[in-house]
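Working notes for the structure below.
Atoms within each ligand, like the ligands themselves, are counted from 1 in listed order. Reckoned from all heavy atoms, side chains included, excluding hydrogens, waters and symmetry mates.
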Amino acid sequence: MTDSPRQTDAIVVGAGLAGLVCTLELLRSGHSVLLLDRCRPEEVGGLAREAFGGIFMVDSPEQRRSRIPDSERLALEDWLRVAELDPEDEWPRRWAEQYVLRARDDVGGWLRKIGVRFFPVVNWAERGNYGDCNSVPRFHMTWGTGKALVTAVWGAIRSDPHSPALQVRFGARVSELVIEHGHAVGCRVVDSGGGEGEYEARATRAVVIAAGGIGGNLEIVRREWPTERLGSPPAQILMGSHPYADGAMHEEVKRVGGNVTHLSRMWNYADAVRHPHPQREHHGLKLIPPRSGLMLDPDGVRYGPLPVMPMYDAYSALERMCADERKYSWMVCNWKIAVRELDVSGSQHNPNMRERRPVRFLLGILLGKPRLVKHFLEGSPDFVAAPTLAELAARMNAVTGEDAIDPARLSVEVSRYDETIARGKSLHNDDQLRRIAQLRNWRGDRLRTCAFQRIVDPRAMPLLAIRLQPMARKSLGGIQTDLGCRVLRAQGGEPIPGLYAVGEAAGFGGGGVHGKRSLEGTFLGGCVFTGRLAAAAIAGAELPLRTPPPSLRTPPPPVV
Ligand SMILES: Cc1cc2nc3c(=O)[nH]c(=O)nc-3n(C[C@H](O)[C@H](O)[C@H](O)COP(=O)(O)OP(=O)(O)OC[C@H]3O[C@@H](n4cnc5c(N)ncnc54)[C@H](O)[C@@H]3O)c2cc1C
């Protein structure tokens, strides 16, 4: 039997990265905290525990050392271009400005102080089909993946001198917010840990919603699916979040008058496969598919004339996939390409980075990852291999149960590409090959990108095909907040006293700091940033914000 929690200064609902950061900062400012999470103790850290650990930062020490000339102006231009914010998205716009201005010091710098280290080579995610997303590399890989972030923050909490002021309850699902005289004063908790059954917890200063997004509830994902850009929701959507991110707290915030915005803005991926060893229903994995493979539509026709190339523009890849009602794609490559280029976004399939084994990690970059490819070929029903294109076509058809892949057509597509490669670099008149050349110019990608590798090549066999499907991952929309993370009312836009929201629950700031698209790495960063700002606001401290210089200031939204 657990004791009823003592009344505290603040209740934090959710022990994901955002909730943990907020908890740590509240403890440091001398506040008592009740941290509630429906998960099991070993799941503390939420999705960050499974995350790859890339963090978007601007003009960082790692970028400077690599002579990447980034700037706040450039980063904000990139951010706002991909975000396509609507004129009324005032809070997302302000959050975007602040994130870009503060990410280096108040996200990266803060994490460094608690022992987090970043890989010296900055990755270049989302560079855009036309160079129109990240102008420069900004994806800073955490040494130890997302798990190291959780370990660092959780470790800092446990060792903080104020930690006796913290009560933690796992197996504690918050079912209701308690509002008295318009103020948030607590919540109702259902205890699945064999404790008190159901109880009310109360806080004198704040209730912080850090309960994650809606990506774990495929019903909501389908309901909110952005049909105007992606057509009808796919019949099959893989799950790339966790079932705890069920959107129930969003509903609860709505019930008490809070504004939940832009749920139809989601960061779902077009390059996922079924998990070889699923731990949850529809469990999917986001691949980092080979750039040297050919992306084909469900009929085996290469996307064109602009090719689809993984890791360039995730949203556009999803649009291309979803333009066909069957809503899946194929990646065709070979063993050699897959071993060198295939990866998975997440801590689970990157054990050497996760466990910080530098030698094995470097060997993986130098020699590729044959074990990873074998693991997927043996375990994921979306991977097939064959010695010839005709046999590959038959196996692809067996995966889908359709007869859509015509071996002759597949052979035409592959030969055309292979023949272009065979003509030699100076005659590489193919957009994918131009991009491969550019990839190999960046040292973060050179070793992980084959040098113009043909698909049918006796030295690179067998041939591989990977069926890629849509997967729900991150919620870009969420609970609307001001820069102090105070939840704003749907009517009138005033804050609900005592109620705060952080992390994915708050659309990583303002109910949707990303607008319609992300530059990647902005999610973990957004959790740290919102968690810190909420704690500062609750403590009544000055928020670590900066007034954007006039050259950066975006025009104010029109008065509505
Ligand atoms: C495999 C993978 C790789 C990723 N890689 C990256 C990356 O490289 N870079 C990046 O920026 N982002 C990445 N992300 C995204 C990022 O990890 C998440 O967006 C982020 O961790 C969300 O953190 P959060 O604290 O807001 O929410 P969550 O991690 O979802 O935590 C919310 C917590 O709230 C709890 N909860 C929910 N409802 C209730 C309730 N009613 N009562 C009590 N508790 C509740 C949940 O149990 C959970 O522990 C990745 C995600 C995944 C899955």
Determine, stepwise, if the pair His275 / Ser380 fulfils side chain to side chain donor-acceptor pair (under 3.5 Å).
CA-CA 6 Å; His275 198 299; Ser380 173; over 6 Å; no

Take Arg138 and Asn134 through the side chain to side chain donor-acceptor pair (under 3.5 Å) test and state the conclusion after the steps.
CA-CA 7 Å; Arg138 297 190 177 109; Asn134 274 309; 2.9 Å; yes

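Taking a 4.0 Å cut-off on heavy atoms, Ala248 fails to register as neighbouring ligand 1. Heavy atoms of Cys527 approach ligand 1 to within less than 4.0 angstrom. Using a 4.0 angstrom heavy-atom cutoff, Gly240 counts as in contact with ligand 1. Distances from ligand 1 to the non-hydrogen atoms of Gly531 include no value under 4.0 Å. For Glu520, the closest heavy-atom approach to ligand 1 does not fall below 4.0 Å. Using 4.0 Å as the threshold, Phe56 has no heavy atom nearer than that to any atom of ligand 1.
An N or O contact shorter than 3.5 Å links Ala48 to ligand 1 by distance. Every N/O-N/O distance between Ala15 and ligand 1 stays at or above 3.5 Å. An N or O contact shorter than 3.5 Å is missing between Ala505 and ligand 1 by distance. Annotation: Val174 places an N or O atom under 3.5 Å from an N or O atom of ligand 1; distance criterion only.
Here the protein heavy atom with the shortest distance to atom 19 (O) of ligand 1 is Glu504 OE1, 2.7 Å. Looking only at protein heavy atoms, the nearest one to atom 31 (O) of ligand 1 is Gly16 CA, 3.4 Å. Ala51 CB, 3.6 Å is the protein heavy atom nearest to atom 50 (C) of ligand 1. When only non-hydrogen protein atoms are considered, atom 33 (C) of ligand 1 lies nearest to Asp37 OD2, 3.5 Å. Nearest non-hydrogen protein atom to atom 30 (O) of ligand 1 is His242 NE2, 3.0 Å. The protein heavy atom nearest to atom 15 (C) of ligand 1 is Lys474 CE, 3.2 Å.
Relative ring orientation between Phe376 and His349 is described as tilted, the plane-to-plane angle lying within the 30° to 60° band.
Classification of Lys369 and Asp343 as a salt-bridged pair holds, one side-chain N sitting under 4.0 Å from a carboxylate O. A salt bridge is absent between Arg38 and Asp191: the closest approach of a Lys/Arg side-chain nitrogen to an acidic carboxylate oxygen does not fall below 4.0 angstrom.
When the options Arg473, Glu252, Lys286 are ranked by their closest heavy atom to atom 2 (C) of ligand 1, first place goes to Arg473.
Taking the side chain as every heavy atom from C-beta outward, Arg169 and Leu35 never approach each other to under 4.5 Å.
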